[in-house]
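Report on the structure given below.
The structure displayed is predicted, hence computed values, not measured ones.
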Amino acid sequence: STMAGLVTLPGEYGYVILVLVFYSFINFWMLLRVGQARRKYKVFYPALYANESENKDAKLFNCIQRGHQNSVEFMPLFFMLMIVGGLKHPLTSASFGVVYCIARIFYFTGYSTGIPEKRATIGKYNYLGLLGLMICSISGAVRMIIA
């Protein structure tokens with residue numbers, strides 16, 4: 001069968017939107033931190049990472065850069081799962097999204113210490129947020145199919 005008409009979003013979908021905006025602020029904050037580190041450790045564009053043989057602070061800068069880069073790599077997946085999962089499960093998706101966002105802050109700050117293992121203390125719970133969002137998205141898809 002085909003779907004006809006407009007999709008009506010539940011009022012609670014506003015929470016999904018707020019979480020997406022929250023993550024956008026987090027991303028901007030990480031971007032600023034990378035910019036500060038570029039100036040401090042003298043790693044200039046277009047270099048994405050510092051060369052360890054040329055820069056004594058390369059590992060620290062690279063950890064800061066990598067913490068942000070990893071978050072950027074996961075952003076499309078997170079946004080897609082939030083948008084899709086939130087269609088049928090807006091409050092649950094928003095809750096998992098908040099878990100993801102807070103864990104991403106800890107992931108970045110842990111990584112930014114220059115000790116990569118510190119990204120995985122509280123930061124590892126971002127995967128719990130993603131798993132929850134995957135379940136919301138699958139559940140929503142199944143509900144649409146059988147409706």
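- The number of heavy atoms from other shown groups lying within 6.0 Å of OH (Tyr15) does not exceed 12.
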Do Leu48 and Gln69 pass the side-chain contact (heavy atoms from CB on, under 4.5 Å) test, and can you show the C-alpha distance, the side-chain angles, and the key distance before you say yes or no?
CA-CA 10 Å; Leu48 190 57; Gln69 186 66 34; 4.3 Å; yes

Step by step, would you call Ile64 with Met30 a side-chain contact (heavy atoms from CB on, under 4.5 Å)?
CA-CA 9 Å; Ile64 295 167; Met30 287 187 279; over 6 Å; no

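- Looking at Asn51 and Asn55, their side chains never come closer than 4.5 Å, going by heavy atoms from C-beta outward.
- Using a cutoff of 4.0 Å between basic side-chain nitrogens and carboxylate oxygens, Glu73 and Arg66 are scored as salt-bridged.
- Under a hydrophobic clustering in which Ile, Leu, Val, Met, Phe, Trp and Tyr are joined whenever their side-chain heavy atoms come within less than 4.5 Å, directly or via other members, Val84 and Val16 fall into the same cluster.
- If you take OH on Tyr111 and CD on Glu117, they are separated by 9.0 Å, rounding to the nearest 0.5 Å.
- Note that the CG atom of Leu130 and the CG atom of Asn126 stand 5.5 Å from one another [nearest 0.5 Å].
- Within the model, atoms CD1 of Ile83 and CG of Leu20 stand 5.5 Å from one another, a figure rounded to the nearest 0.5 Å.
- Taking a 6.0 Å sphere around OH of Tyr13, one finds it holds more than 12 heavy atoms contributed by other residues, nucleotides or ligands.
- In this structure, His68 and Ser112 have side chains that are not in contact, with every pair of non-hydrogen atoms separated by 4.5 Å or more.
- Using a 4.5 Å cut-off between side-chain heavy atoms of Ile, Leu, Val, Met, Phe, Trp and Tyr, with links allowed through other members, Tyr107 and Ile105 fall into different hydrophobic clusters.
- In this structure a side-chain-to-backbone donor-acceptor pair under 3.5 Å is missing from Thr113 to Thr109.
- Residues Leu81 and Val142 are members of separate hydrophobic clusters, defined by side-chain heavy-atom contacts under 4.5 angstrom among Ile, Leu, Val, Met, Phe, Trp and Tyr.
- Pairs of residues two or more places apart, or lying in two chains, that qualify as ring pair (Phe, Tyr, Trp, His ring centres under 6.0 Å) and include a residue from residues 28-55 are Trp29-Phe108.
- For Tyr100 and Tyr127, the distance between ring centers is not under 6.0 angstrom.
- Side-chain contact between Phe79 and Tyr23 is present, with heavy atoms from C-beta onward closer than 4.5 Å.
- Note that Arg104 lies in the cation-pi zone of Phe74, set by a 6.0 Å cut-off to the ring centre and a 45° limit from the axis.
- Linking ILVMFWY residues whenever their side-chain heavy atoms come closer than 4.5 Å, directly or via other members, leaves Ile115 and Phe61 in distinct clusters.
- Partner of Gln65 under the side-chain contact (heavy atoms from CB on, under 4.5 Å) criterion, out of Asn70, Leu60, Val34: Val34 alone.
- Between atom OG of residue Ser24 and atom CG of residue Leu31 there is a gap of 12.0 Å, rounded to the nearest 0.5 Å.
- Contact check for Phe78 versus Ser71: no side-chain heavy atoms found under the 4.5 Å cut-off.
- Between Ile17 and Met82 the shortest side-chain heavy-atom distance does not fall below 4.5 Å.
- Sorted by first and then second residue, the side chain to side chain donor-acceptor pair (under 3.5 Å) pairs with a member in residues 135-147 read His89-Ser139; sequence neighbours excluded.
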